[in-house]
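Comments concern the structure below.
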Amino acid sequence: MAELNAKLILKKAIPRVLKATVWGALTFFVVYCLPMMLYPTDILPLDYSTLLINFATIVVFFAVVGQLFSGTIIGCGFGIAKAIVIIAYFFAVSDGGVFSVTLPISELTVNLAVDISILLLMIISVNLFNIAKNLLEAITLLTEKSTDIDLS
Amino acid sequence: MKTAIRMLSVATIILWIAIIFFSVTAVYSVMKLGINIGEVQMLPSSNGITFSLPFSITNNGYYELADLNLTTRVTDPDGTVLDLTETFVASIPQGTTVNESHTIPIDLDSILSMDHVPLLLNDSSFNVEIFAGLNFARAVPVQLSTNVTMPWGAPFAHFSVGTVSVSPYNSTHVEASIPVSFENHAILDITGTLKLEFYNDSNEQIASEMASINAPSQQSYAGRVLVYMRQQDISKLTSSENLHIIFETPVFVVEWWEQYG
């Protein structure tokens with residue numbers, strides 16, 4: 001029994017953990033490191049590193065758990081949760097589509113409002129597609145399980 | 001089912017690529033914008049002065065800038081709107097430069113009217129609200145707003161009419177000398193005529209006289225208005241109660257009342 005567990009861990013768990021680690025690191029690089037390299041914080045007059053690190057944390061977490069539980073119902077659940085969390089995150093950060101920030105420029109205080117409703121709608125649609133995709137995957141998994149005939 | 005899942009995956013990837021591509025190119029385009037704001041120019045106009053703010057925008061980005069709108073609203077300390085000016089540029093296509101200037105006409109006649117007498121006599125400050133808006137790539141509306149306080153120097157600050165001194169002029173008339181002083185804190189030189197009209201408590205005019213005045217900007221003026229009267233009428237002048245002050249220049253006329261005596 002113990003030998004079987006060890007074999008299972010070696011064959012299934014370790015590759016998944018390794019894959020999840022690599023996937024997490026890659027996601028962090030693409031979501032956080034790459035934008036920070038392209039647009040360092042001193043180029044634009046607002047501190048977006050905090051927003052970016054929060055977004056990177058969410059995305060990396062779901063990338064890792066998505067890889068760990070890929071091909072399972074739990075994985076589909078995390079996929080749906082990821083979509084909902086990303087929608088909520090963008091909705092909260094953009095204040096419902098109108099991103100407002102106060103910039104101190106020399107002696108003036110400048111209020112900047114950027115209406116990113118169209119971008120927010122695109123992000124919401126992508127994530128709705130993701131939810132639909134994960135639901136369909138979950139249904140497929142459940143259907144395959146229920147139609148499998150154990151001949152042993 | 002698997003085809004549907006695949007199609008959804010493809011749609012998701014395409015949408016993510018579109019979002020990332022637009023976001024990256026939009027930020028890059030904003031960074032490539034060249035905005036130059038020139039120095040404020042003060043130009044004389046038929047009814048006052050005009051402030052002109054030249055600016056140029058060079059669009060080196062990937063997207064068009066549309067509906068550029070620059071609005072300034074000048075209000076006095078009580079919130080009364082003195083000026084509302086808008087400059088509109090319909091479109092700045094990519095790779096083009098637009099040179100414009102935002103002009104704020106100041107109608108001295110309306111500002112220096114009876115409604116704004118405190119502004120003539122006391123230094124104050126105007127609140128200038130600046131709004132700027134544009135439509136980036138006809139998809140992302142952007143708005144900027146800020147407040148600036150502009151000091152207002154009163155043209156007749158510390159205006160005072162001193163005590164009348166009387167001296168004999170000839171056998172029938174006397175010369176009454178009325179000292180007038182003020183400080184010109186305004187940005188314009190004040191050149192024109194000052195007319196003083198003395199009224200008694202029954203609102204009857206007792207005397208009036210005119211004097212030429214020249215008070216350069218940021219300088220004090222101290223002069224005398226000389227009134228010639230019959231000897232028996234001098235007591236009316238010294239006991240008069242109301243003073244009507246009329247100041248006239250080629251550009252504007254201002255008048256106000258002061259208690260006297």
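What you see below is based on every heavy atom in this structure, not just the backbone, and it leaves out hydrogens, waters and symmetry mates. In what follows, chains carry the letters A, B, and so on, assigned in the order in which the sequence lines appear, proteins first and then strands, with residues in each chain numbered from 1.
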Quiz item: With no hydrogens and no angle check, is any side-chain donor or acceptor of B/Thr146 less than 3.5 Å from a backbone partner on A/Thr109?
Solution: yes
Quiz prompt | Shortest non-hydrogen separation from B/Val140 to A/Asp115 and the atoms involved | solution = CG1-O, 3.4 Å
Heavy atoms only, distances under 4.5 angstrom: which of [options] has the most pairs with chain B? Name it, please.
options	value
A/Leu136, A/Thr102, A/Asn130, A/Leu135	A/Leu136
A/Ser100, A/Ser117, A/Pro35, A/Ala113	A/Ala113
A/Val126, A/Thr140, A/Val114	A/Val126

Self-check item: Interface moiety of B/Asn147 toward chain A, non-hydrogen atoms closer than 4.5 Å
Solution: backbone
Exercise. Please look at B/Tyr28 and chain A and tell me whether the side chain, the backbone, both or neither of the residue comes under 4.5 angstrom of a heavy atom of that chain.
Key: both
[X], part contacting chain B, at a heavy-atom distance under 4.5 Å:
X	value
A/Asn127	side chain
A/Leu128	neither
A/Ile118	side chain

Does a sphere of radius 6.0 Å around [atom1] in [X] hold more than 12 heavy atoms from other residues, nucleotides or ligands, not counting ones at 6.0 Å or beyond?
X	atom1	value
B/Met7	CE	no
B/Gln143	CD	no
B/Trp16	CH2	yes
B/Phe88	CZ	yes

Quiz prompt | Euclidean distance, A/Ile124 CD1 relative to B/Leu15 CG, rounded to 0.5 Å | solution = 12.5 Å
Quiz item: For the atom pair CD1 (B/Ile13) and CZ (A/Phe129), what is the distance rounded to the nearest 0.5 Å?
Solution: 12.5 Å
Quiz item: Given the options B/Ile20, B/Ile5, B/Asn135, B/Ile14, which has more heavy-atom pairs under 4.5 Å with chain A than any of the others?
Solution: B/Ile5
Self-check item: Side-chain heavy atoms of A/Val110 within contact of B/Ser145, under 4.5 Å
Solution: no
Practice problem: Check whether any side-chain heavy atom of B/Leu144 lies under 4.5 Å from a side-chain heavy atom of A/Asn111, and answer yes or no. | Solution: no
Quiz item: So A/Glu137 and B/Arg6, salt bridge (charged side-chain N to carboxylate O under 4.0 Å, His left out) or not? Walk me through it.
Solution: CA-CA 10 Å; A/Glu137 272 178 357; B/Arg6 205 167 295 130; over 6 Å; no
